[in-house]
Amino acid sequence: MRLGLVACVVAICMAVCSAFPARAADAASAPTRVTLHLKWHHQFQFAGYYAAIAKGFYAAEGIDLVLREGQPGEDSATLLSNGETDFAIGSASLLIAHARGLPVVAAAAVFQHSPLVLLVRRDGSIDHPQALGGRRVMLGGEDGSGDPEVLAMLASEGVTKHPVILLRHSGNPADLLEGRVDAMSGYLTNEAIRLRGAPVTLIRPHQYGIDFYADVLATNRRLATDRPELVRAMLRATRRGWDYAMAHPEEIADLIRARYAPDMPRAFLLDQAAAMRELILPDLVEIGHMSRGRWRHIAETFASIGLIPPDTSLDGFLFSEIEETARARTGRWIELTGLIGLGGLVVAVLLGAFVARLRALVRQRTAELAASEERFRSIFDSVNDAIVLLDPENGAILAVNRRTCELFGYPREEITRLAIADLGLTGAGEPQHYDPVWWRAKAGSGRPHLLEWRARAKDGHIFWVEASLRQASIGGVPHFLVVARDISARREVEERLRRTIEDLVASNSDLERFAYISSHDLQTPLRNVVSYAQLLARRYRGRLDADADEFIGFIVDNTRHMSELINDLLDYTRVGRPSLPLVPVEAGRPLAQALAALQPEIEACGATVTAGPLPRVMADEAQMVSLFQNLIGNALKYRAPGRPPELAIAAEPHDGTRWCLSVRDNGIGIEKQYFTKIFEIFQRLHPDHRSTGTGIGLALCQRIVHRFGGEIWVESTPGAGSTFFFTVESAPVAE
Ligand code: ADP
């Protein structure tokens with residue numbers, strides 16, 4: 001509990017502190033001068049430090065970094081321990097110095113893999129570490145301790161039996177090339193590049209399982225313990241510098257040439273950069289990363305070749321651990337002082353922070369609310385339907401959207417002073433008054449109630465709207481909501497359509513009545529004309545001259561044709577008149593009647609008629625006889641010359657609930673462009689055909705089929721025959 005409180009206090013204090021621009025303040029005061037001792041002469045190997053200086057990364061951390069070039073024979077651990085430099089670049093051998101009690105601290109490993117290699121002359125005698133036994137080998141530091149990777153490699157390859165002759169490094173490759181030594185250590189990033197093309201071979205410790213950190217940024221224990229924040233700042237800036245340098249090698253190469261090493265060829269610096277990429281692994285590992293496990297492994301390797309005692313501890317060697325210990329100490333101190341002295345302050349800070357947070361929250365919520373209201377209003381106003389919110393008690397208009405104002409012609413502030421009854425919607429009962437009972441019954445049911453409403457605009461004009469009335473709960477209080485859409489245009493079209501249909505029906509029935517009456521009335525006098533013409537023909541044929549006989553013949557033929565026309569017209573108009581409802585009919589029966597009536601014609605032309613089983617359909621039997629009679633009659637009439645007619649009547653299911661009946665013939669056929677035309681009244685394709693006809697038959701068939709609720713059409717190949725199809729509802733199964 002107490003710890004929890006303290007942790008809370010610490011967190012708040014830290015939060016409060018972090019709110020102040022501490023670093024900026026530090027940076028603003030005089031920067032801290034810090035020295036860094038490089039391992040060797042200026043070159044790309046130290047690119048990250050140059051980049052961080054040039055880009056102001058150290059300055060931003062309040063550090064004024066001074067670089068010092070390394071010289072042959074120097075030892076970074078000694079320089080650090082003597083306080084001659086604040087930071088230095090060292091190799092893994094820093095650990096050897098630590099084991100010997102020197103106060104050196106490793107802060108960051110820039111090279112994840114060591115660039116150190118052994119260079120040997122390519123004369124064939126040395127291609128493996130074992131071959132170095134008894135040979136002269138030049139290494140860095142005292143007894144080669146500057147290049148511990150090489151010592152470790154030699155030891156692990158068993159060269160200790162015939163030890164090599166160790167010589168102190170001269171730094172001069174000519175010693176190797178001219179045979180004064182057999183091997184010398186060098187860097188992949190330096191000598192290996194310089195000696196490209198020379199008769200030199202590389203032996204890499206890496207290939208023999210020796211893999212150390214290199215170019216380790218180190219400091220001394222005093223700085224690490226007393227000023228961990230300075231070391232941390234140095235690390236931050238250095239890391240940024242290395243990130244920058246590895247991302248912009250060309251720029252940094254130019255920088256090195258301009259400020260540090262004017263004689264260094266640009267191509268060489270860029271070669272170095274390329275070689276370093278594989279050792280630093282900037283894309284895979286955070287630059288500077290070190291792990292205790294890997295240092296432990298390095299310690300074990302050193303111990304195995306006797307460079308350090310086997311029980312060497314890493315304590316005090318790694319900066320991250322020193323910093324951690326310091327932080328824990330600071331934490332304990334804050335806990336103590338916090339408990340003793342800062343109680344009141346903490347409460348005040350707590351309260352202050354709480355109030356500030358509350359204020360910020362309120363501000364944030366208010367802004368969110370305003371944004372949400374604005375969003376809602378813009379949606380509300382962009383809807384194309386009028387929306388009206390009502391007080392359920394008296395129908396007062398509480399809110400409307402923009403479309404309502406447009407539709408009713410009121411400004412928003414005016415319409416919100418009205419009640420819904422002022423717009424014409426009152427409900428049942430009193431025409432001018434709001435009827436809450438009616439409203440509750442319609443809108444309060446939980447489901448929207450739809451109605452068409454004669455609304456009244458401000459200018460008094462009346463128009464139609466389709467309105468949905470519903471109850472809406474706002475803040476837990478029930479309200480009525482009206483969503484209305486202008487349907488005046490639709491209503492007008494509907495009204496016009498209704499009137500047109502009424503007019504059409506009236507004129508159609510007038511016409512039919514006229515056609516029926518006139519045909520009916522014409523029948524009797526025409527019959528008389530036909531009878532007398534026939535009488536004339538019988539009595540006077542051969543008694544007058546030849547012309548008179550011919551004229552009488554014309555009169556007889558034409559009056560007969562006129563009589564047919566009138567009969568057909570009567571049939572046609574009859575189908576349109578109110579008639580009996582459709583009933584189930586066995587289609588075979590009307591077919592048989594039609595065939596019986598046409599028997600003389602069938603026999604006269606030697607036609608064969610076949611009929612498949614026919615279904616029970618919904619029809620009027622007499623009309624169906626007429627339908628078959630017309631279709632079969634036509635099939636006989638329009639037979640092909642010199643070919644006895646063959647007719648087939650069939651039926652098959654159509655669309656699930658219907659049948660499709662067909663009458664097929666092998667007659668003269670019909671051209672495709674007349675497939676529709678022939679169903680129009682008085683349309684005849686073959687007026688000069690030897691057969692008689694009125695052009696009404698198929699129009700009558702279509703009328704009958706439409707009355708049955710079906711369709712009629714033809715398919716035909718001129719010269720080969722036609723098939724007339726018609727659909728009709730199937731009848732329920734007979735009991
Ligand atoms: P019509 O009294 O002339 O036979 P219809 O309305 O019955 O009048 O037929 C219209 C026209 O359709 C006919 O004049 C004829 O040219 C053509 N027609 C109808 N049935 C057939 C058929 N089975 N084969 C060829 N032509 C036909």
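For ligands, and for the atoms within them, numbers begin at 1 and follow the listed sequence. Nothing fancy with the numbering, it's 1 onward along the sequence. For the numbers below, each heavy atom of this structure counts, side chains included, while hydrogens, waters and symmetry mates do not.
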Can you name the atoms of ligand 1, numbered from 1 with element, that are less than 4.0 Å from a heavy atom of [X]?
X	answer
Gly695	1 (P), 2 (O), 3 (O), 6 (O), 8 (O)
Gly669	25 (C)
Lys637	1 (P), 2 (O), 4 (O)
Ser722	24 (N)
Gly697	5 (P), 6 (O), 7 (O)

If the threshold is 4.0 Å, N to carboxylate O, is there a salt bridge linking Glu495 and Arg499?
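A salt bridge links Glu495 with Arg499.
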Hey, is Asp665 touching ligand 1 through its side chain, its backbone, both or neither, going by heavy atoms under 4.0 Å?
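It is the side chain that gets close, since no backbone atom is under 4.0 Å.
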Considering only heavy atoms, does Leu698 approach ligand 1 within less than 4.0 Å through its side chain, its backbone, both, or neither?
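Both parts.
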Does Arg498, at its CZ atom, have more than 12 non-hydrogen atoms belonging to other residues, nucleotides or ligands within less than 6.0 Å?
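Result for CZ/Arg498: enclosed.
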Using a cut-off of 6.0 Å, state whether more than 12 heavy atoms not belonging to Glu680 lie near its atom CD.
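Counting other residues, nucleotides and ligands, CD of Glu680 exceeds 12 neighbours.
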Quick one: pull up CD1 in Ile387 and CZ in Arg485 and give me the separation to the nearest 0.5 Å.
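It comes to 10.5 Å.
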Do the rings of Phe463 and His461 sit parallel, tilted or perpendicular, given the 30° and 60° boundaries?
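Plane angle between 30° and 60°, so tilted.
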From Ile670, Val663, Ile678 - option closest to atom 12 (O) of ligand 1 by heavy atom
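Looking at heavy atoms only, the winner is Ile678.
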If hydrogens are left out, which of Thr694, Ile632, Thr723 has an atom nearest to atom 2 (O) of ligand 1, that is, the closest non-hydrogen atom?
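That would be Thr694.
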Do you know which two heavy atoms are closest between Ile602 and Val609, and how far apart they sit?
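Closest pair (atom of Ile602, atom of Val609, distance): CD1-CG2, 4.3 Å.
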Got an N/O contact under 3.5 Å between Phe724 and ligand 1?
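In this structure, Phe724 places no N or O atom under 3.5 Å from an N or O of ligand 1.
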Checking the side chain of Ser730 only, and the main-chain atoms of Thr657 only, is there a donor and an acceptor separated by less than 3.5 Å?
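The answer is yes, because a donor-acceptor pair under 3.5 Å joins these two groups.
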Just checking, is any N or O donor in the side chain of Ser531 or Asn528 under 3.5 Å from an acceptor N or O on the other one?
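Result is no, nothing qualifies.
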Is the shortest distance from a heavy atom of Gly667 to ligand 1 less than 4.0 Å?
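Heavy atoms of Gly667 never come under 4.0 Å of ligand 1.
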